[in-house]
Structures are given as C-alpha cells and as structure tokens.
Undergrad: 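Got a structure for you, written out below as structure tokens; questions coming shortly.
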Amino acid sequence: MNPIALLDYAGVAVFAATGALAASRKQLDIIGFLFLASVTGIGGGTFRDLILNVPVFWVGNRDYVLICAVVAVVVFFTAHRVESRYKLLLWLDAIGLAAFSVMGAAKGLAITGSPAVSVITGMLTATFGGILRDLLAGEPSVLLKPEIYVTAALVGAAIFTAGDVAGLPQIVSGLAGFAAAFAVRGGALRFGWAFPPYKSRPGRRPEDIP
Amino acid sequence: MNPIALLDYAGVAVFAATGALAASRKQLDIIGFLFLASVTGIGGGTFRDLILNVPVFWVGNRDYVLICAVVAVVVFFTAHRVESRYKLLLWLDAIGLAAFSVMGAAKGLAITGSPAVSVITGMLTATFGGILRDLLAGEPSVLLKPEIYVTAALVGAAIFTAGDVAGLPQIVSGLAGFAAAFAVRGGALRFGWAFPPYKSRPGRRPEDIP
Amino acid sequence: MNPIALLDYAGVAVFAATGALAASRKQLDIIGFLFLASVTGIGGGTFRDLILNVPVFWVGNRDYVLICAVVAVVVFFTAHRVESRYKLLLWLDAIGLAAFSVMGAAKGLAITGSPAVSVITGMLTATFGGILRDLLAGEPSVLLKPEIYVTAALVGAAIFTAGDVAGLPQIVSGLAGFAAAFAVRGGALRFGWAFPPYKSRPGRRPEDIP
C-alpha cells in the first residue's frame, strides 16, 4: 500500500472517531454514532470527488464505510473513559486535517494537473468533514474560533503540491505536508496560535442595527 | 406505474409537505413554502444521485417539482387547521422516511449492484431531506433526538435489499421494507422507542473545559 | 466578453464580498476571510454545476478563485470603515442574487433546454451561496426573514428565461432579468416589502407540545 493511500485510511478513521466523539457528547445511540462517524469520516472526500467529477471513493470500495463502522463501535464502548472528549476530538481532528490536506491535494493534482486546484481541493477535503460534523451535531463550529484552522490545511496542501511539482518522491512531499499541517494546527491547539487580530469590531445583532 | 416509482412520488409529496409545515411554523410567505417544500422533497434524492454519479432525477422529469409546488400551495392554505403541525410533520416525515429508504436502496442497487452501497444510499436518501429541512428552517434536528430515526431507514433499506438479493418480486420486498421502516419509526414516535442509553455523560460546553 | 459572463464575474465578486463581510462581523482572521469569501462566491454555481452534471466552473478556470481572494483581502483591510457592515452585506447580496438568477438560468437553459429547469437552477444558484454563508458564519438565515428574498431570484430567472425563449437577444433578457430581480429585492430591503402574511400562528417549541 502506498503512503498516500495509508494517509487516506488514517484520515477517514480519525475523522470518524471525531464524529463518534461528537455523538457521545450529545448522548446519541449506537446508530447515531455510526451516522455521525460516517458523515465526518467520508464527508470531506465525498465533496472532493463531486467537485472533481470523479466517482465517489467509497461507492466502489467498502473498506471506508467498514472503517467508520468499526471506529464508531469502539468509541461507543470507550468514550466515557476519556477525561475530556472534546480535547481528544480536537486533537484527532488535527491529525485528520493534516492527512486529508495531503490526500485531497494529491487527488486534485492527479486528476486536474493544476497546482491551484490541488491546493483548494486539499483545503476543502481537510475541512469539510469537520464543518459538516459541527453543523449536524450542533457543536460550535471550528471555523468561527480564533485559533488557526483552515490555514493549517492550506499549509499542508501547499507544501505537498510544491514538493510534488518539484519532482520529490510522493512519500517525501506527503510526509512534509502532513507534518507541517499537523504542526501548525497542533501549535494552535496547544499554544492558542492565532493571527494577530485586525482592528475590527464584532458585528451587531441584525435587530440592533438602526 | 411500478410500485417503486409510486413510492418515489409518494415520498417526494410527503417530504414536501413536511417542508411546507416547517415553513408554516416559521410563518414564511408562499415562496418560502415552495422553497422549503422543494428542498425537503427532492433533497434526499438529489444527494443520492450525486453520490451515484447519475443525472439528478428531477432535472429530466418536471413532475417532481410540480408535486412539490402543488403540495406547498395546499399546505399554505390548510396548515392552520391542523392542531399540532409539528406532530403532523413528524408523522409525514415517518412515511417519507419509509418510502425513501426503499426507493434509495432500489436505485443504489440497480446502479452499483452492491448490497452494501444499496443500504447506505437507502439510509442517506431517507434521512438527508429531513436533515436539510431542519438545518434550513432552524428546527431542532431529528438527528439529535433520543428516539430512533436513522435506524428505521437502515432497517427499511436492509430488508428491501435482502429481499431483492434473495430474488423476491420487487413489490414484495419493497412493501416489506416500507412497512418495517414505518413500523420502527412509528413506534419510536408513538411509544418513545429508543435504544437503551449507554452510560455516558453529556458533553460540557467548550468554554467550561479547563 | 459577453454580457452573461460579465454578470457571472460580477456575481462571484459581490457574493465573495458578502462572505468576507460576514467574516469581519465574526472577527475571523485573513484565512477565515478567504474561506468564507470563496464558499459564498462560488458555492451557488458549484451547486448548479453538480445538479446539471457538468464540470464545476471554477475547476477549469482559476479566475474565479482569484477574484474571491482579491475581494477577501480588500474587504479585510477596509471593512472597519463601513458604518454598517450588515447593511452593506445585504445590499451586495441583492446585487449577487440578481446577477446569479440570470446566470444560473442561462446555464440551466443552455444545458438542458428546459425552461422549467432553467428557472429552478436560476433560483438555486442565486440563493444557495447566501444560505451557505449564513449557515457557516452563524448569521441569521436570510431565508427565515419576512422580507422577500427567494421571490426576487425567481422573478429574475423567470424573466430572463421568458425573454430568451421568446428569442430576444441575451443582453436584453439578461439585463431585464437582472433589473427586475434587483428591483424586487431592493424594494424588500428599502421598504420592507413582504407578502401579506397568511393567517397562521408561529410554531410552538417541540417540548411545549403535549
């Protein structure tokens, strides 16, 4: 199995785990775990394949859905042992983000040949599953927090793409992209990294605007 | 008209009615009724067709959009007579869920030939329209309630698929799947059926986590 | 450049600006501006292309993503000078709505040849980007407000389609559709135009229903 495919399976598994953890926080039943784990695990890649106009990856390969199901069951029986499920969710999400930023970029580049599209599909694949999870589970959206999130996906996708265009072996540019994306997002989680805030004021509620 | 196609039209009509009822609860205008009725009525099937990479069903056949429009107008002029629109919404949603679990599975099986994909497309088709309706109308999501919901779609899709793979006539496996899904969801609505809760604690709000 | 293509670029730019303004209201960082600007600017057209089963427009033409990026940066450095970002957001949204109602209808008509599909793709293209923006940014949904919104898109798409079917030059029917949609939505914003409310009562919260 090539390293990019491994990143793919790993990304699906950890995103599925974040979906199942969100289900646990909402005290859903086992089917709720399966559903949120699947949507989160395969949501980003599904969106990428629709955009690229290629067959959706999990329709022809049942491994992915199986991975989501196994992960959901394992989390169902172990989530209560974790002290803070939300922190675990955020860290697993960081791993998935890093894996999918490379994987999404690799597929975008392979199919369109355009580095610009590659960076965008990397970013979308990495972030879409988490956005969907937060919307469906009613969690606060990772998008709206001050800490760096989308940027990490952008960095990973850009580094992989640059390395691949420069002719590096895929395992090198893939690992470099993964490591960079995880470092950026991990730093944001651990140290609260955020861009310096631009002088701006928060929006008023629409009903308070004269 | 074959029985599966009938289920399809019926499913679109009742899901459109749930969308229009949600519009009535939010006191939208007639166009809001048309919009939410259409999104809910054809949303699940649209998503199924995108996933299966086949032409979207309502683009080539205007009957579906017409059904949604007629249903929206009828609900617009009658919804105030209903004592509890939310209860009616939930029961119609149960009928639509049962119809689409079979219809979605039948289309998935016909196109991919894979029983695993068939069960998943059945589940997605049956639940996606309602999830979209709740998101757009700001209703509490059916996904996050304790009563059985996704499970009913899963049961209907699995029974239809098993019957069809076993060589039963489509009308038999279709009716069996529909009846089973409706019985499961109806029982959940009437008697509060839910899976025994797993020992878990609710998630803390992110800002309360140290 | 033909007039319909110009409407397309203009629509992408103003929708991107509304996404960036929403990002400013939520005090996101520059990447948050880029992300919301892109999703809002190209979301409606992406959905249209998926429905029509044609290649997604921005995958083969990097101009669109570039426009979104430039607009996001400009708004990032100027949004604080605007007195009411929310009002500006609503007015730019009205321009984008009008442009996309024509553009979406034109593409739907060109590809399917069906006036009914044309009106629907016009409506969807015009409204989907804004709905996505409000969902992702946690803004109150334009859909749920009493003022006319979807109707304006419907009017623009219908007038363009009627004109085109009647054989008028595209620039005439396009401008007529744009002007009509903008007039309807602008009137709704300026004068609070809304359909006369139907005698209805607001929905109770689900937990208050016996």
Side-chain angles (χ1 to χ4, degrees), chain B residues 21-36 38-39 42-43 46-47 49-51 53-66 68-69 73 75-90 132 134-142 144-145, chain C residues 46-54 56 108 111-121 123-124 126-128 130-132 134-136 138 140-155 184 188 193-210:
Chain B
L21 284 167
S24 168
R25 280 168 52 79
K26 301 289 165 180
Q27 300 187 291
L28 301 186
D29 57 35
I30 178 68
I31 303 288
F33 276 66
L34 288 169
F35 191 83
L36 272 183
S38 302
V39 167
I42 67 185
T46 301
F47 190 52
D49 291 348
L50 292 179
I51 296 286
N53 210 5
V54 296
V56 174
F57 69 110
W58 56 266
V59 169
N61 180 342
R62 77 178 68 180
D63 288 359
Y64 294 102
V65 175
L66 205 68
C68 293
V73 171
V75 172
F76 184 71
F77 284 110
T78 58
H80 63 289
R81 297 170 177 246
V82 176
E83 205 205 329
S84 171
R85 285 166 295 182
Y86 193 64
K87 276 193 188 161
L88 179 61
L89 183 161
L90 288 176
L132 215 57
D134 292 346
L135 266 182
L136 294 182
E139 295 278 5
S141 174
V142 281
L144 299 181
K145 303 221 176 128
Chain C
T46 301
F47 190 52
R48 172 200 64 205
D49 291 348
L50 293 178
I51 297 287
L52 291 174
N53 210 6
V54 296
V56 174
I111 284 164
T112 69
S114 152
V117 169
S118 158
V119 172
I120 294 171
T121 54
M123 197 173 77
L124 285 179
T127 57
F128 193 75
I131 291 172
L132 215 56
D134 292 346
L135 266 182
L136 294 182
S141 174
V142 280
L143 265 190
L144 299 182
K145 303 221 177 128
E147 293 91 28
I148 282 174
Y149 186 76
V150 178
T151 310
L154 192 64
V155 166
V184 170
W193 286 354
F195 281 99
Y198 179 68
K199 281 277 172 299
S200 160
R201 55 190 200 281
R204 288 170 288 178
R205 288 181 308 150
E207 52 273 32
D208 296 341
I209 298 173

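Naming: A, B, ... by sequence-line order, numbering from 1 per chain.
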Undergrad: Of the listed residues (C:I120, C:L144, C:L154, C:L52), which shares the most heavy-atom pairs with chain B below a 4.5 Å separation?
TA: C:L144
Undergrad: Go through B:L50, B:L66, B:L36 and name the one with the most non-hydrogen pairs under 4.5 angstrom from chain C.
TA: B:L50
Undergrad: Any sub-3.5 Å donor-acceptor pair from B:D134's side-chain atoms to B:V142's backbone N or O?
TA: yes
Undergrad: For residues C:I131 and C:F47, determine if any side-chain heavy atom of one lies less than 4.5 Å from a side-chain heavy atom of the other.
TA: no
Undergrad: Give the member of C:T112, C:I148, C:N53, C:T121 that has the highest number of heavy-atom pairs under 4.5 Å with chain B.
TA: C:N53
Undergrad: Contact part of B:V39 toward chain C, heavy-atom cut-off under 4.5 Å: side chain, backbone, both or neither?
TA: neither
Undergrad: Which value, rounded to the nearest 0.5 Å, describes the distance between B:F77 atom CZ and B:I30 atom CD1?
TA: 6.0 Å
Undergrad: Would a 4.5 Å heavy-atom cut-off, applied to side chains only, mark C:V150 and C:M123 as touching?
TA: yes
Undergrad: If I measure from the heavy atoms of chain B, does C:L143 come under 4.5 Å with its side chain, its backbone, both, or neither?
TA: both
Undergrad: Does any heavy atom of chain C fall under 4.5 Å from the side chain of B:L135, the backbone, both, or neither of them?
TA: both
Undergrad: Please state whether the side chain, the backbone, both or neither of C:V117 comes within less than 4.5 Å of a heavy atom of chain B.
TA: side chain
Undergrad: Heavy-atom distance under 4.5 Å to chain C: side chain of B:L34, backbone, both or neither?
TA: neither
Undergrad: Less than 4.5 Å to any heavy atom of chain B: does that hold for the side chain of C:T127, its backbone, both, or neither?
TA: side chain
Undergrad: Taking the side chain as everything from C-beta on, heavy atoms only, tell me whether B:F57 gets closer than 4.5 Å to B:T46.
TA: yes
Undergrad: If the plane angle is over 60° it's perpendicular, under 30° parallel, otherwise tilted; pick one for B:F33 and B:F76.
TA: perpendicular
Undergrad: With rounding to the nearest 0.5 Å, note down the distance linking CD1 in B:I42 to OH in B:Y64.
TA: 11.0 Å
